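Take a look at the structure set out below.
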Amino acid sequence: METIKNQLGIRSWNASSEAFLRRRLERNERDIAQFTEKLHSYSFEPKTYVQFKQLADLKEEARELREANRQITMSLRDEAGSVQHCSDLLERHLKKVERYAQAVRNYMGETKLHETACF
């Protein structure tokens, strides 16, 4: 049994636990949906060309992350004995989600910073 520690501060988890993998994938989906909802908020509307480009890139990345999440879920469901393979995929996916979350937080900070600088 392999235990994987996620450097993101998420509790360690057992790679052979299919139920845990499913719960973590569901949580990823909710996290991505929450970030997408925030990006669609009028509070974080882009004010510059660079911000418009960043927003478009973040929306595309969210779409790609949701698709990757769906593929990992399908692999876990369809392939017998694929827990170890899916846990490896999930570990890489978690790192991508964390980078995405940081990019969204940076974007939100920049739009708020730009908004306060304009007044």
Side-chain angles (χ1 to χ4, degrees):
M1 238 186 244
E2 179 183 356
T3 300
I4 299 172
K5 283 209 175 201
N6 187 338
Q7 68 187 118
L8 307 175
I10 300 169
R11 68 184 96 107
S12 60
W13 48 281
N14 186 321
S16 65
S17 173
E18 183 177 341
F20 177 81
L21 294 176
R22 287 184 191 279
R23 284 192 307 273
R24 190 63 191 121
L25 287 164
E26 289 169 3
R27 176 66 186 172
N28 277 353
E29 187 62 34
R30 285 192 306 271
D31 290 347
I32 294 166
Q34 287 174 346
F35 280 120
T36 301
E37 187 175 313
K38 285 182 181 181
L39 290 174
H40 286 95
S41 168
Y42 74 91
S43 299
F44 302 108
E45 288 181 358
K47 285 135 182 109
T48 66
Y49 174 76
V50 171
Q51 290 174 351
F52 275 99
K53 179 119 175 65
Q54 284 177 321
L55 182 59
D57 292 345
L58 288 170
K59 287 179 180 179
E60 177 61 23
E61 189 172 353
R63 188 194 62 72
E64 291 170 1
L65 288 171
R66 281 191 304 272
E67 179 61 25
N69 208 62
R70 188 189 65 74
Q71 288 175 351
I72 295 169
T73 301
M74 295 302 288
S75 292
L76 187 60
R77 185 179 306 142
D78 296 341
E79 299 172 20
S82 67
V83 173
Q84 181 61 44
H85 172 70
C86 289
S87 66
D88 294 340
L89 289 173
L90 180 59
E91 184 177 13
R92 287 191 299 272
H93 184 66
L94 287 173
K95 290 176 184 176
K96 289 178 184 177
V97 170
E98 182 58 29
R99 282 192 300 269
Y100 173 73
Q102 185 59 46
V104 170
R105 286 190 291 270
N106 289 342
Y107 169 80
M108 290 179 351
E110 288 173 13
T111 56
K112 282 297 185 186
L113 181 64
H114 187 270
E115 181 178 292
T116 58
C118 291
F119 293 112

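Residue numbers run from 1 in the order of the sequence given. Computed from a predicted structure; not experimentally measured.
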- request: Would you sort out whether Gln71 and Glu67 count as a side-chain hydrogen bond (donor to acceptor under 3.5 Å, both in side chains), showing the intermediate values?
  value: CA-CA 6 Å; Gln71 288 175 351; Glu67 179 61 25; 3.3 Å; yes
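Taking all atoms of both residues into account, the shortest heavy-atom contact from Ala62 to Ile32 is O-CG2, 4.0 Å. The two residues Tyr107 and Gln51 make their nearest non-hydrogen contact at CE1-O, 3.5 Å. Considering every non-hydrogen atom in both Tyr100 and Leu58, the closest pair reads CE1-O, 3.3 Å.
Residues Glu29 and Thr73 fail the side-chain proximity criterion, which asks for heavy atoms closer than 4.5 Å. The shortest distance between side-chain heavy atoms of Leu94 and Arg24 falls below 4.5 Å. Glu60 is listed as a side-chain neighbour of Arg63, based on a closest heavy-atom distance under 4.5 Å. Within the 4.5 Å cutoff, side-chain heavy atoms of Arg22 are placed close to those of Arg77. Side-chain contact check for Asn28 versus Leu90: some heavy-atom pair is nearer than 4.5 Å.
Rounded to the nearest 0.5 angstrom, Glu64 CD and Lys96 NZ are separated by 8.5 Å. Distance CZ/Arg27 to CG/Asn69: 12.0 Å, rounded to 0.5 Å. Separation of atoms CZ (Arg30) and CG (Leu25) is listed at 11.0 Å; rounding is to 0.5 Å. One finds the CZ atom of Phe35 at 7.0 Å from the CE atom of Met108 (value rounded to the nearest 0.5 Å). Taking CZ of Phe52 as the reference point, atom CG of Asp57 lies at 13.5 Å (rounded to 0.5 Å). In this structure, CG on Leu55 lies 7.0 Å from NE2 on His40, to the nearest 0.5 angstrom.
Residues Gln102 and Arg99 bring no donor and acceptor atom of their side chains to less than 3.5 Å of each other.
Salt-bridge check for Glu98 with Arg105: passed, with a basic side-chain N closer than 4.0 Å to an acidic carboxylate O.
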